[in-house]
Amino acid sequence: MSGSPIDPDNGKASELSALLKRRGFFFPSYEIYGGVAGFFDMGPMGSLLKDNIIKKWKDRFVIEEGFLLVDCPSIAPEVVFRHSGHLDKFSDMLTRCTDCSEPFRADHLLDDIIENADSLSEDELFTALKENDVKCPNCGGSLGPLEEFNLMFKTYIGTGSDRPAFLRPETAQSIFLDFPLLYRTNREKIPFGVAQIGKGFRNEISPRQGLLRQREFHMAEGEFFFDPEADGFPAFDTYRDLKVNLVANTDPDNSIRKELSSAVSEGMICSEVLGYFMGVTHSFAREIGIPEDRMRFREHLDTEMAHYARDCWDLEVLTSYGWIEMVGIADRSAYDLEQHTKGSGQEMTAMRRYPEPIQKEVTTISVNMKVLGPIFRGAAKEVNDAVSLLDPAAVKELLETGEPVKVVISQGEVEVPPGSLSIATEEKRVAGERFTPHVVEPSFGIDRLMVAVIEHAYFEAEKSPLREEASDGEGPYRVMRLLPSISPVKCGVFPLMNKDGLPELAIPIEKDLRKCGLITYYDHSGSIGRRYARMDEIGTPFNVTIDYESKDDGCVTIRERDTGIQKRVPISRIVNVISDLVSEKIIFDDLDQPVIS
RNA sequence: GCAGGCGUAGUCUAGCUGGCUAUGACAAGGGCCUUCCAAGCCUUUAACUCGGGUUCAAAUCCCGGCGCCUGCACCA
C-alpha cells in the first residue's frame, strides 16, 4: 500500500480528482451553461462526507466545548459591514494602465510617497496620483480612472436600491451583533463561546485551486468571548504539553516543534486562550484524519493580518497545492464589539464581578429638568446628556467656588445655571465593573478540510489487498482510507451471487442497517472483487457479504477495507457490530478470528 | 483581470496539412457465466465547450464568450 503523500508532481492528484468526479464527491456548478469559476456542487458522496465533518465539528465545539450554536442570515445590511470595517478594508480602489491595461491597487502605488495611503478616500487617492504624477510601474504609461473593487457580493433588500446589503464574507459578524442577547442567554457568565456553521461569500478576483478557493464556501466559526484581565485560563492545561509545529512571524522560514505552554510563556503565542484553541484545532484535525506531520501553525505576518486581528495563527495542512490555510485562529481583541458599539450605540459589555461587592463613595450629579427645560427648551436633553459626562467631583468644586459650569452642545458652549444642579455623595455597593470582552476566533474552512481529509486518505496500491498478483492494464488500485465515522457510506451489502436465495438474505440486512441510521450500498453486479473495489474507492470502511454458508450457519462476513480481512458474524448481531465499528466504539480486531485472510 | 497554453462520451484519448457513419480504452446499464478481492463473453448507452465567421464542406481554419492550466497581479 503506497502511503506517500499527494504531491503536485507525482500524478496522484489528477488520479484522485478523476476519482472524485467519477464517484460523485464534487464537481463544477452550472456546467451545462459553461460553468462559473469558484462555485462547486457537492455530489452525493461529497455531501455526506462534508456533513460528517460538520457533525464532528459540532460534536467538538458545541457538545464538548459547550459553545452556543446559532444560525443567522447570510445577507446583512450595509451598515453592519460599514462598522465591522469590511466595507473599507474589503474594498480596493483599482486603477488600470491606459497603455498595457495592467490593474494596480491605487493605494499601493502611493505607499512610498505618502503615509497611510490606504486610508484616503476615492477623490483623495485620485488627486494624490495626479499630483505625484504616478506612472504605470509596468510600462510607464499613464493611469486611468479609479474603479472600485469590493470582495463582497452586493445586493439590495426590498424594492429599489436604497437599502444596499451584502452577502456575508464571514459568519462572525452576526455573532457579535447578538452578543448582548447571547450574554444574557448565558446568564451573564463569561467566558463563553458561540458557534455558527454556514456559508460565506467572497467575490474572489480569480478563484482557482478547486475547492480551496471558492466564491461561496462553508465555514464553521467559533467566537470565544473572555475577560482579557482574568488570570490565566485553566482549560489550557488540557493542551499545555501538546507539541505542535510552529512557524512564528519573527522567523517565517522555519518551523519549530514545541509545547504550546512554552510557546505561550515565551510570548510567541499571545495568550493561553489563543493557545488553547490552537490545541482544540489541532486535536480536531487529528480526529478527522489529518496526520500530525502534515500540519503546522503559521503566524500571520504583520502585513497580512486582517484589519480586526491583533494576532493570528493559521492551521496549515500540506496538500497537493502546498501548505494551505485550513483554520484561522485570530485574536480579534475587543475590536468588533467596540466597533458595533460605536456604530449602533448599543452597549456590548460584560460584567466583571468583584469577589465581594465593595462599598464605594460615589458622587453623582443630578439635573433638575424642571429648571433646565424651560431655559434650554429643545436643547435641554442635550445639556442633560453633556452634564452627565462631566466629572462629578470637578462640578462639585465649581459649584462650591461659585464658578460657572459650562458644557458644549451643538449650539456651542452654554452655561448651566447652578440652581439646576445638585451634587450628592453616597456610599454605594458596587458589584463589579463593565468591560468589553475580547474574542478569540477559530474559523474553519470546511471545504478545505474536506479536501485535506480526502487527500490524506487516498492511497494507491498495486492490487487489491488479498489478490495474489497485480492485474495488468487497470491502473493503480485506489483506496480512500477515511475514518469510519466520516466516510460517506458506512457499509456495502453484497450477495455473493445474485441468485440461489442470497439476495433474499441480503436485502433485509441492508434494510436493517439503514433503519439504524447507517448509509449502506447494495450491489449485486459484477464480480465480488469489483464490488469491493468500488467501495474501497469511496472509502467505505466495511462490507458485508452474504455467501452460501450464510444459508446454513446464519452468519455473514464483514470485510475490513484496509486489510481485506473478513470475519464471520451472525446476521442477528450485524447491525450492532457495524454500528459499533462505525462509531469507533470497537475496532475490527475486537471481533472473532478471521475465516478468510 | 492580463499574457500564453488547452478544451472530443462519466473519465482518459485518436483524429485537427478541412472531406464518407468521429478512434480506442476504461467506467456505466442489461444479460450469460462465476462459491470472496477490478476475470471472461454478448449487448446497450454515450462526445467534438458555446456563439459567430470563412468554405461546396469545419472537431479541424479565423474571431468572440465561457471554463481549465501556468505565470503576473489579487487573496480582508
Side-chain angles (χ1 to χ4, degrees), chain A residues 8 14-15 17-24 27-39 43 81 84-92 94 96-97 100-105 108 118 137-139 147 149-152 169-170 172 200 202-210 212-213 215 300 303-309 312 325 328 330 461 463-479 494-500 502 525-537 543 545-551 556-557 559 561 563-566 595-597:
Chain A
S14 61
E15 277 285 343
S17 70
L19 185 157
L20 292 173
K21 191 172 183 187
R22 177 157 43 91
R23 292 298 184 200
F27 34 81
S29 302
Y30 316 117
E31 239 190 336
I32 67 160
Y33 286 111
V36 184
F39 294 97
F81 299 113
S84 71
H86 287 88
L87 206 53
D88 287 341
K89 305 287 177 173
F90 237 66
S91 261
D92 296 325
L94 295 183
R96 203 174 284 282
C97 174
C100 69
S101 72
E102 275 284 311
F104 299 98
R105 271 183 63 171
H108 283 185
D118 59 346
N138 196 33
C139 71
E147 319 160 17
F149 183 81
N150 196 306
L151 236 39
M152 290 191 293
E170 55 172 13
R202 296 177 192 184
N203 199 1
E204 298 283 354
I205 297 173
S206 76
R208 280 178 201 176
Q209 307 183 324
L212 296 185
R213 208 152 132 229
R215 288 185 162 129
H300 276 205
T303 49
E304 67 180 319
M305 207 88 77
H307 62 271
Y308 49 71
C312 185
E325 172 194 353
K463 55 180 183 61
S464 60
L466 297 183
R467 197 186 166 92
E468 297 291 316
E469 52 195 88
S471 55
D472 32 52
E474 280 164 5
Y477 191 86
R478 305 177 194 84
V479 188
F494 311 142
L496 187 59
M497 293 296 143
N498 193 24
K499 58 183 180 186
D500 303 328
L502 298 187
S525 103
S527 71
I528 192 74
R530 174 175 295 269
R531 285 178 264 169
Y532 289 145
R534 281 197 270 251
M535 288 297 103
D536 288 349
E537 276 196 347
N543 292 296
T545 302
I546 293 84
D547 56 24
Y548 283 91
E549 279 175 63
S550 305
K551 295 204 286 187
V556 294
T557 65
R559 170 189 183 268
R561 177 192 61 209
T563 58
I565 293 173
Q566 288 177 298
V595 287
I596 306 167
S597 67

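The figures here come from the full heavy-atom set of this structure, side chains too, leaving out hydrogens, waters and symmetry mates. Every chain is numbered from 1, with letters handed out A, B, ... down the list of sequences. These numbers were taken from a predicted model, which means no experiment stands behind them.
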Is there a donor and acceptor pair, one atom on the side chain of [X] and one on the base of [N], closer than 3.5 Å?
X      : N      : result
A:R559 : B:rC36 : no
A:T557 : B:rC36 : yes
A:Q566 : B:rC36 : yes
A:R213 : B:rC74 : yes

Searching all strands shown, indicate the nucleotide that pairs with [N] (Watson-Crick or G-U wobble; both distances under 3.5 Å).
N      : result
B:rA47 : none
B:rG40 : B:rC32
B:rG10 : B:rC26
B:rG71 : B:rC2
B:rU17 : none
B:rC61 : B:rG53

Query raised in the report: With sugar-phosphate meaning primed atoms plus P, OP1 and OP2, does A:E537 contact a base, only sugar-phosphate, or nothing at under 4.0 Å between heavy atoms?
Result: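 Base contact.
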Query raised in the report: Which heavy-atom pair separates A:D500 from A:K551 by the least distance, and what is that distance?
Result: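 Residues A:D500 and A:K551, closest heavy atoms: O-NZ, 2.9 Å.
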Query raised in the report: If you take all heavy atoms of A:L496 and A:R531, which pair is closest and at what distance?
Result: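 Scanning both residues completely, I find the closest heavy atoms to be O-NH2, 3.1 Å.
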Query - Side chain of A:Y548 - closest among B:rU35, B:rA38, B:rC36 - result: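 From the listed options, B:rU35 comes nearest.
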Query - Length of the CG-P vector between A:L19 and B:rA28, whole Å - result: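 A:L19 atom CG is separated from B:rA28 atom P by 12 Å.
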Query raised in the report: So A:H86 and A:H307, would you call those rings parallel, tilted or perpendicular, with 30° and 60° as cut-offs?
Result: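 Taking A:H307 first and then A:H86, their aromatic rings stand perpendicular (interplane angle over 60°).
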